[in-house]
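Below is one structure, written out as structure tokens; the observations come after it.
Numbers restart at 1 for each chain; the letters A, B, ... are given by sequence-line order, proteins then strands.
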Amino acid sequence: AAAGSPARAEATKVRVVLDWAWLPYHSPFLIAQDKGYYKDAGLDVTIEQGRGSANTAVLVSQGQFDIGHLNITNAAQMIGKGGPMTVVGIYQHKSGASFVGIKGKVALDGPKSLIGPKIGSTPGGSDALSIKIFTKVSGLKASDLDIVSLDANAKTAALLSGKIDVVSGDAPAYTSYVKATGQEPVALILSDYGLPLVGFGFGVNNDFLAKHPDAVKKFLAATKKGFQDAAADPAKACAFMAETVHLSGEQSRCVNYFNALLALSTPPSDPTWGKQSAEEWQKLTDTLREVGLLESDKPASTYYSNEFVPQ
Amino acid sequence: MTALPEGRPEGRLDEPRAPATGGLGLRTRRAATNLFPPLLSAVIGLGLWEGLVRWFAVPSYVLPPPSQVVLELVGEWQYLLTELGWTVLAAAIGVAIAISLGILAGAAIALSPTVDRMLTSWLVVIHAIPKVVIAPLFLIWFGFGVQSEVFFVVTFTFFPVVVATITGLKSADPDVLQLVRSMGATRQQVLRKIMFPSALPIILSGVKLSVSLAPVGAVIGEFVASNQGLGHLLIRAVGDMDTALAFAAVTLFSVFGVLLWRAAEYVEGRLLPWHPSQRGDFKPGQK
Amino acid sequence: MTALPEGRPEGRLDEPRAPATGGLGLRTRRAATNLFPPLLSAVIGLGLWEGLVRWFAVPSYVLPPPSQVVLELVGEWQYLLTELGWTVLAAAIGVAIAISLGILAGAAIALSPTVDRMLTSWLVVIHAIPKVVIAPLFLIWFGFGVQSEVFFVVTFTFFPVVVATITGLKSADPDVLQLVRSMGATRQQVLRKIMFPSALPIILSGVKLSVSLAPVGAVIGEFVASNQGLGHLLIRAVGDMDTALAFAAVTLFSVFGVLLWRAAEYVEGRLLPWHPSQRGDFKPGQK
Amino acid sequence: MTEPDRDHSPTASPAPSRPGTTIELERVTKVYGAGALAVQALSPISVTLAPGQAVSVVGPSGCGKSTLMRLIAGLEAPSSGTIRVGGRPVAGPLEDLGIVFQRDLLLDWRDVLGNVLLPAEIKGLAPAAARRRAAGLLAELGVERFAGHYPWQLSGGMRQRVAIARALLPSPTLMFLDEPFSALDAMTRDQMNVLLQQVQSAEHVTTLLITHSILEAVFVADRVLVMSGRPGTLLDDIAVDFPRPRRLSLRETPEFSAIVRRIREQFVRTGDLVG
Amino acid sequence: MTEPDRDHSPTASPAPSRPGTTIELERVTKVYGAGALAVQALSPISVTLAPGQAVSVVGPSGCGKSTLMRLIAGLEAPSSGTIRVGGRPVAGPLEDLGIVFQRDLLLDWRDVLGNVLLPAEIKGLAPAAARRRAAGLLAELGVERFAGHYPWQLSGGMRQRVAIARALLPSPTLMFLDEPFSALDAMTRDQMNVLLQQVQSAEHVTTLLITHSILEAVFVADRVLVMSGRPGTLLDDIAVDFPRPRRLSLRETPEFSAIVRRIREQFVRTGDLVG
Ligand SMILES: Nc1ncnc2c1ncn2[C@@H]1O[C@H](COP(=O)(O)OP(=O)(O)OP(=O)(O)O)[C@@H](O)[C@H]1O
Ligand SMILES: Nc1ncnc2c1ncn2[C@@H]1O[C@H](COP(=O)(O)OP(=O)(O)OP(=O)(O)O)[C@@H](O)[C@H]1O
Ligand SMILES: Cc1ncc(C[n+]2csc(CCO)c2C)c(N)n1
Ligand SMILES: [Mg+2]
Ligand SMILES: [Mg+2]
């Protein structure tokens, strides 16, 4: 659409909720908003910070928000429970689930190296899930691992202060935090060992999807532009973010964090950005079902749609 | 006829009551009267919950109906009870420490303006600090396991006892204090024999608050760092979007909390036979 | 000579004091005496903190030294104050609602055993429930705005007022109640003119507790379901390992909490000029 | 205080003469508590008090005088027997009753004036008039300088006078006084006796006065009830027919002394202290 | 109670005769509060009480009697002047003092026996002996049946007797009593007067008795201090030289009546009620 063509009054309202409060990988949304990509697409987008992907899934299903940026595992679980939501795009096809330690203190060179070190993990949710699945895939037993349960907020401090040797969690986050202390992280990325989980994508409330299919399409396209801008110059994206929403830590940490996530994702310049495969959905739902976190036997195809992915 | 608040001791003229001569029949009726309201209230509350959930078709991942929670309770009772045990342990140890410390601190503050000015602000800070912020510190100081949980319970529950102790001790009758001073009482004796017993009804109200806070304190402690307990179970259930299990745990926890509360009330009654609030059989007469 | 607890009103024989005739000199000295202990205590506390952090070389992402916190406070004062504003707003609205509701509920429970049996358990449950479990409900009902925070503060702070109100009302002198009943007082009048004022010292101790809990309540509400306020700032700072900012927020928050506490004590003093705890200038004499 | 012209005192003037109320007790008993600590406070007492009558009650300490007063006032139920006031069984606190308990029961949180005004607030009397009357009563009772003081700042006798002022404030048709003058010195007490006697006869207030002073009992009353030791019952019922208004000099007369002696003898006859 | 043989009563027998203590007051004054509500309770009072003396204090309500007692007891500081007990300035609560305040001040949370035993606990007396003495005192005061009752279950007079038993328990060398018998009937009061008088003369207890009964003041004391209205000061200081032990019949003698009349006249001369 050419600049100024859609009248202001006709702009479609889109309420977006993120997975968490502002983090480096959210800069594309801010950029899209700032550069007017949404406005140009005839959208009136409001972006709300979230409180974990599980809550994001509930909020989108219940219609409090139209579109959610969330971890796809949570989206799948919600849809499996009958939540009226559809996943309309996945850009991070490799989960960030990993074990992270500090170089020189532990070596993480394969599943066997996890036997011995003290591992901090948050019970329930993505950590527990990835450990559960990983032990299955790798042939380890859960009882082989020395796992202590920790609040998400306590994990980093516990690792950095030496109370634990390894954290289970999001690789981009923890590796960048370790680097920021002047140490080198070591990471065991679970998807490298066959973990069939994926990362971030977009879920849309079904009512909204039925009423405003075009808006969803335009939203994804505009967001993709934001991703492209951010990926082109992560430092600038981080600087912009620090200005607009306050961001803690050195800029380098933000850049590291974002780059690590991009490394697990489809590049936004790629035409398949956002596109989902039947295979990854099949594997995801099968695996979740196997570990008892998905009771529904709905076919994998009912969880997602590629119709709205920008071409 | 309207002057009397309900619930005053028996024998009051303006309460229409069965004659006080009542034998077994009366007693049974009274037991029924005592049990009926809480049951009714439970039934109403749960009925409302079930009804609303069904009426508005609230999905169970948001709020499961009580029927489903009951099924979950029945199905998982062993798991739930085991975890509850850990929580109860930490809560009990923690609140015992908190009550002792709280009474000591409250006494020191009530008796000495200097201690008040030096200590109170820090206690307010400890009490009011959002615990998430210092949760990592707890972990680093106390490591994993029951200690940090207990410490959590202590920081969570000591303050009501402090405040109640201060108020209670400061309410002692100044004339009675003069009396025992003229008996040559030491400062300690004044405290032990007069100020403390006269403050006891108020202190116990603080203790009741603390006791009712202790289980949440333990659960929050378990959120931060623990491999067992109801808090751990809850974090798991919430993380796994297992809302029914989470609510089953909360229900168990609530029942435990209510029982604890009633137990505290019972102890209160035993400790204060002389207090107006406890003069059941006797009537408040003229002194 | 040892019989007297410290801090009793003036003119007591066993407190070595300047003669009560003191003019300006005395007053200045007294102001100094009042200000010195809290300052000393603050200096000791902060000094200890700074010293320990430096001595043990505690990394600043675990526990920043006060000096760094002060720098952060200075550097981020605008951000901090803006968010504090939200928290204060939510805490204020919430605690006002909580106090009103708490007094109403406490009165109903104290006056009617039926209400007690029907309501108390639910209140205990609401009070004691771990709030994380119902966080999604909060989000759905209230969204990310101030309302959910306010609701949180209410559920967080109403209970101390309830408990204190019950204890206070039940402590009313039964003979005085008889007296006003014989004056033909309605139930309402008994409550308003006797039970409530005589309970006020105890109720205010509950109010003080609630007031001191309100800011944490708001912060926890912000953790769970709000995108502004100090709690939101904290959840971000903690997640981002920005410990210095987190402690700057906590420090600001603590100062706010202590001021609130002292304000509540001041109000208490104004409302209870007759109470033994407040008889400053006058001596507790014989009645 | 020299005896002033009482007809113009604020207590005596405004209220019109009102009809009193008959009080009938029929075999009234009271037992407190149960088991080992049970105490029978009253053995059956039957007595009828005429409207407008001033009745004094005397009896040994712990014999049940205060209990009797609370029963009649409708503040407690008797264990057996019936009490009728104005023909109807007592089913709750009596209306239009001014009462002074043995303890002064001042409200700690109100100053003296606030305490005296309490019944006016409760009964919804016109505030301005109530304040005027309160000021008058406080002056009459010698505590007007302390209107703004709190109870804890008063002496024992001053507290008691404030309690009396509070009871008199609404000009009740019934007045129950439980040792109202026990903390007053002899002179003040005499003045109070004169005052009470005048209020009573001017306004035909049915009065029940519990007292430990036999002189006071006789001086104030139309009738003196003498109670036995616990469980209290009626030992004697003595009519006192001196004309009103009475002056203190009445107490020097042989007729007065005869009644006092008669009561004393009752006491002595009952023998020991009740244990 | 017919007058028993007091020499074998538990109160009189065990304690050996102890030396009393001289109490000296020099231009003692007391002002309460400040500003508009300031009250001068005492104008300068100077007086010396000899060891073992029994002194009664009478005066109008609110004149400062209780204040005077609290000052001497070392519970409050005078606004000016000095008080010496046993030669040393009073700097805190007097030791070895048995005190009964105007209010009974029983501890609500202790039963009657527990209240009476309080001073024994505080002074660390032998528990068994203390219990025996407590039982004896309760019996003598006629409340032994109520040893297990709580204060709120007692009548006003019974409470007062318990308070007296508590003060007597440790057999003090000094005894300050502020209207200890105000809630007792005439007969019980007489008995208490005899009892007090006997204890005092047998054990040479220095006694300060504040009372509103002039008869009582004279009967019990070696000396009666008459106070003026507020601000209280000494109006008269009357020696009472009747031999001890005294019997109630003493009150009928003309010598006794003469002293009583003298005090009454002092009162009447001061004129009005203090306002
Ligand atoms: N609330 C109560 N509970 C138990 N016993 C009580 C209660 N009130 C009074 N009694 C008992 O009833 C008896 C009579 O008490 P009451 O107060 O009527 O005596 P009284 O004649 O007024 O005595 P006094 O002259 O000493 O005031 C006493 O033995 C007392 O212990
Ligand atoms: N704590 C106090 N604060 C202020 N004023 C007081 C206090 N105690 C006593 N007063 C005042 O001091 C005066 C003397 O009081 P005090 O109690 O000594 O009188 P009293 O002679 O014992 O009277 P009564 O015979 O009525 O008991 C009174 O005017 C009283 O109001
Ligand atoms: C230390 C740390 N804090 C927050 C996040 C943000 N985040 C990313 S995924 C996820 C769970 C929800 O799917 C959350 C909370 C993070 N990655 N690491
Ligand atoms: Mg009585
Ligand atoms: Mg006095």
Side-chain angles (χ1 to χ4, degrees), chain D residues 1-2 32-33 36-37 39 41 58-67 101-103 138-146 148-150 153-161 178-179 181-189 191 211-215 230 263-264 267-268 270-275, chain E residues 1-2 32-33 36-37 39 41 58-67 101-103 138-146 148-150 153-161 178-179 181-189 191 211-215 230 263-264 267-268 270-275:
Chain D
M1 209 200 292
T2 50
Y32 283 111
L37 294 184
V39 172
V58 296
S61 171
C63 75
K65 303 179 293 296
S66 301
T67 301
F101 285 90
Q102 200 164 2
R103 289 197 301 148
L138 287 178
E140 204 156 7
L141 292 163
V143 282
E144 75 274 29
R145 248 208 70 191
F146 291 84
H149 280 70
Y150 282 99
Q153 299 171 319
L154 304 184
S155 80
M158 289 155 74
R159 290 179 66 109
Q160 215 169 34
R161 284 178 275 162
D178 193 352
E179 305 193 35
F181 310 131
S182 63
L184 299 181
D185 62 287
M187 296 296 129
T188 314
R189 189 168 189 146
Q191 288 162 350
T211 178
H212 284 325
S213 159
I214 299 176
L215 288 184
R230 178 166 11 86
I263 297 172
R264 256 200 200 118
F267 263 122
V268 174
T270 62
D272 216 302
L273 260 177
V274 267
Chain E
M1 210 202 292
T2 51
Y32 283 111
L37 293 184
V39 171
V58 296
S61 173
C63 75
K65 303 180 292 298
S66 302
T67 300
F101 283 91
Q102 199 163 2
R103 289 197 301 147
L138 288 177
E140 204 157 6
L141 293 164
V143 282
E144 75 274 28
R145 249 208 69 194
F146 291 84
H149 279 70
Y150 283 99
Q153 299 170 320
L154 305 183
S155 80
M158 290 156 74
R159 290 178 66 109
Q160 215 168 32
R161 283 178 276 161
D178 194 351
E179 303 192 36
F181 311 130
S182 63
L184 300 179
D185 61 287
M187 295 296 129
T188 313
R189 188 167 189 148
Q191 290 162 350
T211 179
H212 284 323
S213 160
I214 298 174
L215 287 185
R230 176 166 12 86
I263 297 172
R264 258 206 196 113
F267 264 120
V268 174
T270 63
D272 216 300
L273 259 177
V274 267

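How far CD of D/Gln160 is from OG of E/Ser182: 8.0 Å, rounded to the nearest 0.5 Å. Once rounded to the nearest 0.5 Å, the distance linking CD of E/Gln191 with OG of D/Ser61 reads 11.0 Å.
Within the 4.5 Å cutoff, no side-chain heavy atoms of E/Gln102 are placed close to those of D/Arg159. For the pair D/His149 and E/Val39, the minimum side-chain heavy-atom distance is below 4.5 Å.
Heavy-atom pairs under 4.5 Å with chain E were tallied for D/Ala41, D/Ala186, D/Ala183; the largest tally goes to D/Ala183.
Within the 4.5 angstrom heavy-atom criterion, only side-chain atoms of E/Met187, from C-beta onward, approach chain D.
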